[in-house]
Amino acid sequence: MHPFVKHFINRTIVLVVTLFIAFNISYFLLRAIPTSAVDTMLNAIAQMGQRLDPEEFMRMRQTLLELFGLTGSPLDQYLSYLRRFFTLDFGASFIVFPRPAREVVLRYLPWTVGLLLFTTVISWSLGNILGVTVSFAKNRYISRFLENLAIVLYPIPYYVFSLALIYIFAFLIPIFTLSPATMPAIRISTLHDLLNVVIHLMKAASLPAISIIVISAFGWWFISSRNLSLVAMTEDYVIYARLRGIDVGRIRRDYVLRGIMVPQVTALALALGAIFSGALVTEYIFAYPGLGSLLYQAIIIGDYPIALTILSLSMIGVTLATWFLDTFVYYLVDPRIRYAR
Amino acid sequence: MYINTRIRVFIDVLKSLSRYGRFRVGIAIIAILIALSLISLASPPRYKQWYVYPKDRPPQLTSSIDMILGTTTNGRSVFWIMVNALANSLCIGLLTALIGSHIGLLIGLLAGISRGKTELGFILLIDSFVVLPGLPILIVLALALKQSMTIHTIPLILSVIAWAWPARNVRSIALSVMSRDFITIASFSGIKFRSILLYEVMPYVLGWHLTNFINTIIWAIGMETALAIFGLSILSEDTLGTMLYWVLNFNALFRGLWWWILPPIVLLILIFIGFYLISVSVSTYLNPRLRGGVA
């Protein structure tokens with residue numbers, strides 16, 4: 001069998017098992033909520049001044065009961081939750097009442113995906129390039145400095161660092177204003193619209209993006225790429241290339257950086273869940289209009305449809321992204337898988 | 001006699017570790033933090049009540065220690081909140097590491113020594129928990145269990161996710177040790193499998209277990225903070241996370257109450273850096289190939 005096919009099948013099995021475990025954990029946990037919790041929740045909603053006519057009230061109660069898998073036979077409950085989990089159909093939201101939760105969540109999604117994609121690509125590339133460069137100049141003062149900086153920055157979660165950033169850049173030296181970013185409808189028909197959206201995005205996203213990029217580029221990606229390339233530099237093929245008198249720049253780029261791509265892609269795939277979690281909290285702290293802020297509102301109000309939609313969506317999304325990275329991007333960077341027959 | 005040599009080995013390891021500057025700094029930071037958290041034992045019972053002290057007072061020196069870091073908007077002494085929060089957060093981290101990293105050690109070892117279908121099963125289980133996005137799962141857990149959470153049950157919740165990374169690490173170490181010659185020699189010379197595992201493989205794994213342990217502490221404190229920021233930790237208790245929650249909730253950032261904002265942020269950063277410095281020096285000590293970079 002072609003090694004890529006084998007790799008693909010392996011990864012796909014992991015994907016399916018991961019989704020299955022994630023689904024079961026959330027299902028059995030939500031079953032742990034007793035039935036009376038539903039009535040408590042409805043009372044809380046009624047107290048918040050939401051006017052509901054009795055018919056709608058009963059419908060909401062029904063949705064909530066179904067949501068927690070409390071109607072029908074056990075098998076029915078399981079299957080209905082399974083369907084909801086994978087179609088993200090958790091009924092109407094409470095925050096924007098008659099609207100389906102899925103619709104609300106999907107409107108916030110591009111913001112989160114955009115921020116995550118942008119910061120991850122930048123910090124991963126920057127960290128890797130810096131790590132390799134520094135390991136070639138091991139004894140320079142600047143590389144010592146960067147190394148120590150990385151060791152201090154790496155263990156700090158984004159959201160703690162972002163609080164420090166807000167304190168410095170929005171309070172002590174007010175460069176960035178910290179008004180909650182409003183969300184224009186993303187409808188791009190002309191070039192002008194596109195420009196507007198980009199400018200708006202820059203305004204809303206620069207501080208959270210900086211906090212994520214600084215921590216992960218100068219933290220983990222820098223440290224791991226430096227460690228990997230220090231090891232790679234002692235490999236025979238690199239020493240041979242040096243003895244042949246190949247230009248140092250080319251060795252750095254085509255021999256060492258290229259060589260550490262394979263483990264680094266795997267590391268990125270494994271870290272994706274953690275990156276996502278950090279970004280969720282960071283978004284809330286910066287009042288960035290993404291899934292993090294929405295999730296916070298949903299939890300505070302007790303909007304279970306929206307909370308569950310976001311949670312299922314993020315579990316499915318992160319595992320799918322991990323699977324994609326670990327099969328297709330891995331295929332691109334690992335010649336052993338690409339060229340073997 | 002046996003215990004004596006063990007202690008001597010332990011002291012030797014400590015001595016060679018303390019040659020790393022990073023290890024010394026890390027230990028110093030953690031020692032200071034532990035000393036601070038021990039002060040919480042002396043906290044007056046009224047520190048938990050709201051509006052005992054005047055509101056929003058900046059730090060001032062008075063005869064008692066209560067006002068040294070000012071007070072919060074709900075009229076509590078920041079100093080006493082801080083030391084108690086520190087003690088609780090450290091406790092959460094330590095308990096999670098005690099539970100999670102040991103489950104990880106056990107499953108990692110089992111996965112490392114099993115072959116065939118069982119091995120495949122273990123790999124699948126570990127890999128799926130590793131790529132599982134932790135925060136969403138923990139939020140579901142916290143939503144379901146919010147009523148029954150205490151400082152001592154949060155670690156149980158966190159451990160559901162925490163064991164996976166250590167298990168993965170232990171498995172790879174166990175695999176590399178099992179493939180070495182001395183294990184083959186040991187098994188050919190008729191030593192029981194259990195003894196091989198305990199006396200030949202374990203010593204190699206234990207060092208890594210220590211770094212896993214420390215990393216789990218860091219992870220757990222970070223995760224508790226993330227949950228607390230979303231309001232899903234135990235808001236009636238003080239942890240560094242719930243302290244941040246109240247800071248954000250009362251908009252202390254924009255009202256310029258720096259004496260309330262800075263303590264949790266500074267302490268969290270110190271905890272993360274302190275433990276990480278220790279973990280990094282232990283893993284450098286264990287992995288000679290990386291030693292090149294450290295003075």
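Within every chain, numbering begins at 1; the chains are lettered A, B, ... in the order of the sequence lines, protein sequences first and strands thereafter. No hydrogens, no waters, no symmetry mates; every other heavy atom, side chains included, goes into these values.
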Is there a side-chain contact (heavy atoms from CB on, under 4.5 Å) between Leu124(B) and Thr18(A) once you walk through the steps? CA-CA 8 Å; Leu124(B) 267 180; Thr18(A) 311; over 6 Å; no
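- Proximity to chain A is limited to the side chain of Leu262(B), based on heavy atoms less than 4.5 angstrom apart.
- Between Val152(A) and Tyr276(B), the closest side-chain pair of non-hydrogen atoms is not below 4.5 Å.
- Side-chain contact between Leu163(A) and Ile261(B): absent, with no pair of heavy atoms (C-beta onward) separated by less than 4.5 Å.
- Here Arg11(A) contributes atom CZ and Asp127(B) contributes atom CG; the two are 5.5 Å apart, rounded to the nearest 0.5 Å.
- Your options are Pro264(B), Ala226(B), Gly222(B), and the one with the most heavy-atom pairs under 4.5 Å with chain A is Ala226(B).
- Phe272(B) and Pro157(A) get closest at one heavy-atom pair: CE1-CD, 3.1 Å.
- Atom OG in Ser314(A) sits 8.0 Å away from atom CD1 in Ile139(B) (nearest 0.5 Å).
- For the atom pair CG (Leu280(A)) and CD1 (Ile229(B)), the distance works out to 11.5 Å, reported to the nearest 0.5 Å.
- Within the 4.5 angstrom heavy-atom criterion, only side-chain atoms of Leu277(B), from C-beta onward, approach chain A.
- Only the side chain of Leu232(B) comes within less than 4.5 Å of a heavy atom in chain A; its backbone stays farther off.
- Top candidate by heavy-atom pairs under 4.5 Å with chain B, chosen from Trp323(A), Tyr154(A), Phe276(A), is Tyr154(A).
- Within the 4.5 Å cutoff, side-chain heavy atoms of Leu125(B) are placed close to those of Ile21(A).
- With a 4.5 Å cut-off on non-hydrogen atoms, Ile13(A) touches chain B through its backbone and its side chain both.
- Only the side chain of Leu244(B) comes within contact range of chain A, with heavy atoms under 4.5 Å apart.
- A 4.5 Å side-chain heavy-atom check between Ile151(A) and Ile273(B) finds every atom pair outside the cut-off.
- Within a 6.0 Å radius of CZ in Phe145(A), other residues, nucleotides and ligands contribute 12 heavy atoms or fewer.
- Proximity to chain B involves both the backbone and the side chain of Val160(A), based on heavy atoms less than 4.5 angstrom apart.
- Heavy atoms closer than 4.5 Å to chain B are found nowhere in Phe161(A), neither backbone nor side chain.
- Counting heavy-atom pairs closer than 4.5 Å to chain A, the top-ranked of the candidates Ile265(B), Ile123(B), Ile271(B) is Ile265(B).
- The choice from Ser277(A), Gly317(A), Ala269(A) that makes the most heavy-atom pairs within less than 4.5 Å of chain B is Ser277(A).
- Within the 4.5 angstrom heavy-atom criterion, no atom of Phe275(B) approaches chain A.
- Neither the backbone nor the side chain of Trp219(B) comes within less than 4.5 Å of any heavy atom in chain A.
- The CG atom of Leu268(B) sits 8.0 Å away from atom OH of Tyr159(A), with the distance rounded to the nearest 0.5 Å.
- The choice from Thr322(A), Leu153(A), Val14(A), Asn10(A) that makes the most heavy-atom pairs within less than 4.5 Å of chain B is Val14(A).
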